[in-house]
Every structure is written in structure tokens, then in C-alpha cells.
Amino acid sequence: MFGAIEAGGTKFVCGVGTGPNDLITAVFPTTTPEDTIPKVVEFFSGGHGSRVRSVGIGSFGPVDLHIGSPMYGFITSTPKPGWANFGLRSSIEQALGVPVAFDTDGNAALLGEARWGAARGLTDALYLTVGTGIGGGSLADGHVLHGLVHPEMGHLRIPHDLGRDPFPGICPYHGDCLEGLACGPAIEARWHCAGRDLPDSHPAWPLEAHYLALGLVNLTLTVSPQRIILGGGVMHASHLFPFIRREFADLLKGYIRHNRVTVELDSFIVPPELGSRSGVLGAIVLAERALESRAA
Ligand code: ZN
């Protein structure tokens, strides 16, 4: 049995199991580490959790992913009270006494989709989550990309036509970066209505599709994925997908000549096959790796 934690800014999804057909989950709200972590530890300490041999964590961030760094497995600079400079990985490892692997939430979701979902069999794929924030992961030549710190795809700078959309954006760092213009709270702040309550015909959706397509074109031109998976709460609005594909094609203007981005565009930009479980299942993949690297 493996343990999995998808640590998000609003909730922790914890799971015990080996894959999509064998996974028991529990959800705890993300309040403060002093309140949330003991609940997580209790979940893994009793019942099914007591057979867990290793744990994987996909975490909100920014985080430190560098094994050997004194801050490895820490959430670093989040504005979320109590979580900045918090050693998430070490707190779980010390409490449970099993190996713990750690990555970003975007990378974990991508690993889940690569193992059991929409990126199965691919060597290069992109996962973008559009929800409370925007984040993502990139699979390049079979490996998730870390880099200097880790990719921060939500903060791409994209063209912002103030005539069409005078909304200044909500990113505390950049204002009108991709996340600042297109995450769930940005939709709500711009239209004074949560995305889930906006009708399909609302002008919010073509604008949202435009911003996401701008981001996806930049990412496609940079990392050249074989498929793009769009998850997160905002993407539950499934009517967004055709809008995004159309905008994506309009913006690329036929520059990339490959069937996957032309005649097969419907299967190039897709929802996750694992639904909202990509992240927690990806954390299972991380847990497997924690055990393998311990054995090696
Ligand atoms: Zn930003």
C-alpha cells in the first residue's frame, strides 16, 4: 500500500492504495499546519493507512524540490498564512517513519495522467490546472521538468488588451499575468459572479478561452508537448474546450505542421482522464518511487 497527499491551497486530499481501482481517500481543509498536519498524520496512522510503506506528496508552492537542499520538501514563499517556510515533507516523514517523495501539485497530476490517464504512453505532455490559481507540469522526454526551481506556468506574461478587458488582474506579484487574468478568483472578481454560476453564453467564456489559448500557444512553442491536459475547477466548464481549441488554432496560424495540432486538435487539448484524482494518483506514483529509491 502507498500513501498519497495532494496538498492544495484549500484542501489536502489524502489517499491510500495502489492505483485508480484501489484508492481510499479523505479530504481535510487547508487551514494552518498545526491544524491540518495532525489530521493528515492521523489518517495514515490508523485503519488502512497503517499499511502504508511510503508516501508521495504533490504540493502547492512555490516549493524546494532539490534533494540535498536544507529546505528540500519545504513550501517556500506562499502568502498563505503559516505555510511559508514550512517543512511539509519532513513533517510527514518524521510523523510516519516511512520514505516520502515530494514534487509540485502540477507535476504530480501530470505523473498520474502519464501513468493511468490522458498522457499514458506519451513521452512529452503538459498538464495545466486552472482553479484557485494556475499551475502546471511538463513531461519532457519521459521526465518531469524541475529546472532551477520548478516551472511556474501560471505566471506567464500574455498580451492583455485593456480595451477589451480593463480588469487589472489579481496576481499579487504581476497583476495581469495568466493566473492574474484567468484563474477562478479572477473570473469571479471581473464579473462579480463565480464561474460556475455564469451561463455558457456569457462573454466571460470567450475571454477566458482567449487567455488560456495564449498561454497554451506559448507553452506549445516552448516545450512541444504531444498532448495538453487541462484540469482544475474552472475546466469543469466543459464548453470551454471547443473555444480554447479554436482560439489556439487561430493564434498558431498553422505554424506547427503536425496532425496532432491540426486535424487531431480535439485530442491534443483534452480534459484529464482521471478527473479530479490526477493529483492524488500522481502522488501514488511518487510514493512508489520513494520506495524504489530507498531500495536502490
Ligand atoms: Zn503572476
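Numbering of ligands and ligand atoms starts at 1, following listing order.
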Asks: Name each donor-acceptor pair under 3.5 Å that joins a side chain in residues 72-80 to protein atoms two or more places apart or in another chain, with its distance.
Replies:
from: Thr76; atom 1: OG1; to: Pro62; atom 2: O; distance (Å): 3.0
from: Thr78; atom 1: OG1; to: Lys80; atom 2: N; distance (Å): 3.0
from: Lys80; atom 1: NZ; to: Gly9; atom 2: O; distance (Å): 3.1

Asks: Is the count of non-hydrogen atoms from other residues, nucleotides or ligands lying under 6.0 Å from Glu42 atom CD greater than 12?
Replies: no
Asks: Once you round to the nearest 0.5 Å, how far does SG of Cys177 lie from CD1 of Ile158?
Replies: 8.0 Å
Asks: Could you grab the distance from atom CG of Leu128 to atom CG of Leu178, nearest 0.5 Å is fine?
Replies: 6.5 Å
Asks: For Asp250, is there any backbone N or O sitting under 3.5 Å from a side-chain donor or acceptor partner on Lys253?
Replies: yes
Asks: Below 4.0 angstrom, N of the basic side chain to O of the carboxylate: do Arg277 and Glu113 qualify?
Replies: no
Asks: Using 2.8 Å as the cut-off, note every protein N, O or S atom close to the Zn ion (ligand 1).
Replies: His155 ND1, Cys171 SG, His174 ND1, Cys177 SG
